[in-house]
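Notes follow once the structure below has been shown.
Every heavy atom of this structure was used, including side-chain atoms; hydrogens, water molecules and symmetry mates were not. A quick note: this is a predicted structure, and the numbers were derived from the prediction, not measured.
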Amino acid sequence: MANEEKKSGKKSVVFLIIIGLILAVAGGVLTYLTSPKYVATTAIKQVQDAMTSLVNQRTETGLEDNYKTTGTIDFNLTSDYFASLSTLDPEYATISNLLRNLTATENNITLVQDKDNKRLFVNYDSKLNGQNLINAKYLVEDATEYYHLEGVTPSYINNGNNNYFESLNSATTTNENRTYIIEKVAESAINNLKDEYLSTKYEDNYKVIMITLSNKQKAEYINNILQDLKQDSKANQILTGYNSEFSSLKVSEKDLEGMDDLDIHIYLDQLTTQVKRYEIYPSDGEGIVYSKEDGQDVLSFVSGDEKSGQDVEKINFTITKSGEKTDVAITDQDNTSLGSISITKTSTNYDIIMNFTSGTTVINLGYNSQLTNLEKASSYNKNTTLTINISADATTIIDGTITYNTTTTSDTSITEDISTSQLASTLTEEQNALIEQQLTNMMTTLIS
C-alpha cells in the first residue's frame, strides 16, 4: 500500500512538472506572439498581402507590356449655376467658360509601348470647335526621350537620357515588378524595425503595441529601406526605370521639418491576442483608425483629442463585403449618415456609385469601366465613364459626364522620325518662350 502511494506521489510530481513545462512553453509562446516585434512584423506582412492582392486584381489581357491604345476623351459638362452668375463675377465666368469649352473639345490619345524594343510613344491631340488647341508628342527610343509641340519646332526635341525601360525586361511583367517592390519594401521594413522604435502599454482590455518615430528616426528608417532597395539589383533596376535619380535618393531630417512624430498603435485583445484595432497618428490630434466590428471593417479619420478637451470629429467608413459587391456606409461621430459608396467588380466590369451629403450640398459620383470584345493577346475595348452631379440648396452646380473610350491592339509599330531632332540645350530663348506661350494660350482659350 505504501509503495502504491509512493508511485502515485511520483506520478503526481511528474504530472505537475509536465503541466508546468506546458504552461511555461505556452507562456513563452504567448509572450512571443504578443511581443512588440512580432506584432509589428505581422502587421507589416498583412499590409504587404493586402497591397499585393490589390495589384493582382485585374484581368490579364496579354497586352500588358506590348500594345497600342487609341482613345477619345469626351466632356459633357453643364452648370446653370455658374452660367447664371457669370455676368456678376469674372471668377464664375471663368468656370462657366471652362465647362462649356471642355464640352466643345475633341480629344484623341494614342499610346504605344513596345517593351521588346524599348520604345514608348504618346500623342495627345485636342481641338476646340474644330480648331487646334494643342498637339503634343512624347517618345522614348534608345534610352533617350524626345518631345514635340506643334508650332514650336518642325522636328522632335531631344531631352536626354530616359531610364523607363530599365525597369522592364523580357522575363518579367510590369505587374510582377510592382509585386516584387512591395515584397522587398515589406521585407526591409521588418528588418530595419529597431526595438527602440517599439514600446508597450495597457489600455482597458487591450495590450497596445506602439511604434513611435521621431523625424530623425523616420529619416533613418526610410533611408535604411532605400539602401536595401538600392543594394538589391532587381529592385534598383525597376525603381531606376521610374526615377533616374533613384540611386542618389535620400531623406534628411531637414526634409521632415515641421512634421510631428509618427505614432502607430496596434491593439491586441489580452485574452485572445487577436488584433482588434490599428491607429495611425501622422500628426497631433489627427489620425486614422482601422478596426473590425461584427464582421465589418471600419475605417475612421479622426481629428481632435478627447483627453485634452478637444472636440473629436470623425468620419467613419463601415465596409461590408458580399461576393463581388462592397458597400461602404459613411457616418460622423454621432452616427449621422454622410453618404455611401457601392463598389461592384467582376473580371470585365468595375462599377462605383458614391453619394455624399454635407448640409445642403449633395455630391453624386459614378464610375463605370467595362472591358469588352477581349481577344487575349490580340485586342480589346474599354469604355470608362465618370458621372458627376453636384448640387447645393436644390440648385445644380455641375452636371454631366466624362467618357474615355479606347481600343487596344497588339500593333506596336511607331513611325515617328527623329533623325532631325534638336537638342533641348540648343533651343533659343524665343523657342523656350514659345513653348510657355503655347501652354498659356491653351489655358486662356479654354477659360475665355
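Asp393 and Thr360 are linked by a side-chain donor-acceptor pair at a separation below 3.5 angstrom, with hydrogens and angles left out of the test. Looking only at atom types and distance, the side chain of Asp125 has no donor-acceptor partner in the side chain of Asn132 under 3.5 Å away. A donor and an acceptor atom, one from each side chain of Thr408 and Thr69, are located under 3.5 Å apart. The closest side-chain donor-acceptor pair between Glu145 and Tyr147, if any, does not fall under 3.5 angstrom. Asp334 and Thr336 share no side-chain donor-acceptor pair at under 3.5 Å. Between the side chains of Gln370 and Asn383, no donor-acceptor pair is found at a separation under 3.5 Å. Residues Ser214 and Asp261 bring no donor and acceptor atom of their side chains to less than 3.5 Å of each other. With 3.5 Å as the limit, one finds no donor-acceptor pair spanning the side chains of Thr144 and Asp142.
The line from CD1 of Ile211 to CD1 of Ile44 is 6.0 Å long, rounded to the nearest 0.5 Å. Once rounded to the nearest 0.5 Å, the distance linking CD of Gln422 with OG1 of Thr428 reads 7.5 Å. Atom CZ of Phe82 sits about 5.5 Å away from atom CD1 of Ile398, to the nearest 0.5 Å. With rounding to the nearest 0.5 angstrom, the CG atom of Leu85 is 11.0 Å from the CG atom of Asp80. Within the model, atoms CG of Asn373 and OG1 of Thr407 stand 8.5 Å from one another, a figure rounded to the nearest 0.5 Å. Atom CG in Asn441 sits 11.0 Å away from atom CG in Leu446 (nearest 0.5 Å).
One N or O on the side chain of Thr105 and one on the backbone of Leu102 form a donor-acceptor pair closer than 3.5 Å. Of the possible polar contacts, none joining the Ser391 side chain to the Ala394 backbone as a donor-acceptor pair under 3.5 Å is found. At least one donor-acceptor pair under 3.5 Å links the side chain of Thr240 to the backbone N or O of Asn236. A donor-acceptor pair is defined here as one N or O able to donate and one able to accept, closer than 3.5 Å; such a pair exists between the side chain of Thr103 and the backbone of Leu77. Between the side chain of Asn162 and the main chain of Tyr164, a donor-acceptor pair closer than 3.5 Å is present. Between the side chain of Asn101 and the backbone N or O of Ser448 there is at least one donor-acceptor pair closer than 3.5 Å. Of the possible polar contacts, one joining the Asn97 side chain to the Ile447 backbone as a donor-acceptor pair under 3.5 Å is found. Judged by distance alone, with hydrogens and angles left aside, the side-chain atoms of Thr346 form a donor-acceptor pair with the main-chain N or O of Asn349 at under 3.5 Å. Put simply, the side chain of Ser86 gets close to the backbone of Ala83: a donor and an acceptor are under 3.5 Å apart. With Glu375 contributing its side chain and Thr409 its backbone, the two residues share no donor-acceptor pair below 3.5 Å.
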Using residues 223-233 as the side-chain source, report each donor-acceptor pair under 3.5 Å to any protein atom, sequence neighbours left out, with the distance given to one decimal.
| residue | atom | partner | partner atom | Å |
| --- | --- | --- | --- | --- |
| Asn223 | OD1 | Val251 | N | 2.8 |
| Asn223 | ND2 | Ala219 | O | 3.0 |
| Asn223 | ND2 | Val251 | O | 2.6 |
| Asn224 | ND2 | Glu220 | O | 3.2 |
| Asp228 | OD2 | Ser188 | OG | 2.6 |
| Asp228 | OD2 | Asn192 | ND2 | 2.9 |
| Lys230 | NZ | Ser247 | O | 3.4 |
| Lys230 | NZ | Leu249 | O | 2.6 |
| Asp232 | OD1 | Tyr180 | OH | 3.0 |
| Asp232 | OD1 | Lys234 | N | 3.2 |
| Asp232 | OD1 | Ala235 | N | 2.9 |
| Asp232 | OD2 | Tyr180 | OH | 3.0 |

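Residues Ser340 and Ile330 come closest through the heavy atom pair N-CD1, 4.0 Å. Ala392 approaches Ile397 most closely through the heavy-atom pair N-CG1, 4.0 Å. The shortest non-hydrogen separation linking Gly151 to Leu434 is O-CD2, 3.2 Å. Listed here is the closest heavy atom pair of Gln217 and Leu213: OE1-CA, 3.5 Å. Between Ser155 and Thr420 the shortest heavy-atom distance is OG-O, 3.0 Å. A pairwise comparison of heavy atoms in Gln333 and Glu313 identifies OE1-CA, 3.6 Å as the closest pair.
At a threshold of 4.5 Å between non-hydrogen side-chain atoms, the residues Asp114 and Asn66 count as touching. By the 4.5 Å heavy-atom criterion applied to side chains, Leu365 and Ile388 are counted as neighbours. The closest side-chain heavy-atom distance from Arg277 to His265 is not below 4.5 Å. Thr153 is listed as a side-chain neighbour of Gln431, based on a closest heavy-atom distance under 4.5 Å. The side-chain heavy atoms of Leu120 and Tyr138, taken from C-beta on, include a pair separated by under 4.5 Å. Side-chain contact between Tyr281 and Asp260 is absent, with no heavy-atom pair separated by less than 4.5 Å. Using a 4.5 Å heavy-atom cutoff, the side chains of Lys68 and Thr110 are in contact. When side chains are defined from C-beta on, Ile343 counts as touching Ile341, because their heavy atoms get closer than 4.5 Å.
Within a 6.0 Å radius of CD1 in Ile315, other residues, nucleotides and ligands contribute 12 heavy atoms or fewer. Open room surrounds CD on Glu91; 12 or fewer heavy atoms of other groups in view lie less than 6.0 Å from it. Other residues, nucleotides and ligands contribute over 12 non-hydrogen atoms within 6.0 Å of the CD atom of Glu196. Other residues, nucleotides and ligands contribute over 12 non-hydrogen atoms within 6.0 Å of the OH atom of Tyr290.
Judged as a ring-ring contact (aromatic ring centres under 6.0 Å, His included), the pairs with a partner in residues 316-371 (not counting sequence neighbours) are, in order, Phe301-Phe317.
When His148, Arg119, Lys137 are each tested for a side chain to side chain donor-acceptor pair (under 3.5 Å) with Glu416, only one passes: Lys137.
A salt bridge links Lys184 to Glu187: one of the charged nitrogens lies within less than 4.0 Å of a carboxylate oxygen.
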* **Candidate pair Tyr278 and Ile264, rule side chain to side chain contact (heavy atoms under 4.5 Å, CB included), full reasoning** => CA-CA 7 Å; Tyr278 295 93; Ile264 301 173; 5.7 Å; no
* **Worked check of side chain to side chain contact (heavy atoms under 4.5 Å, CB included) between Leu374 and Thr348** => CA-CA 9 Å; Leu374 173 60; Thr348 58; 5.8 Å; no
* Thr61 and Glu64: CA distance, side-chain angles, deciding distance, side chain to side chain contact (heavy atoms under 4.5 Å, CB included) verdict -> CA-CA 7 Å; Thr61 63; Glu64 281 73 32; 2.9 Å; yes
* Asked: Please walk me through it: do Lys218 and Asn215 pass side chain to side chain contact (heavy atoms under 4.5 Å, CB included)?
  -> CA-CA 5 Å; Lys218 275 188 271 185; Asn215 285 344; 3.1 Å; yes
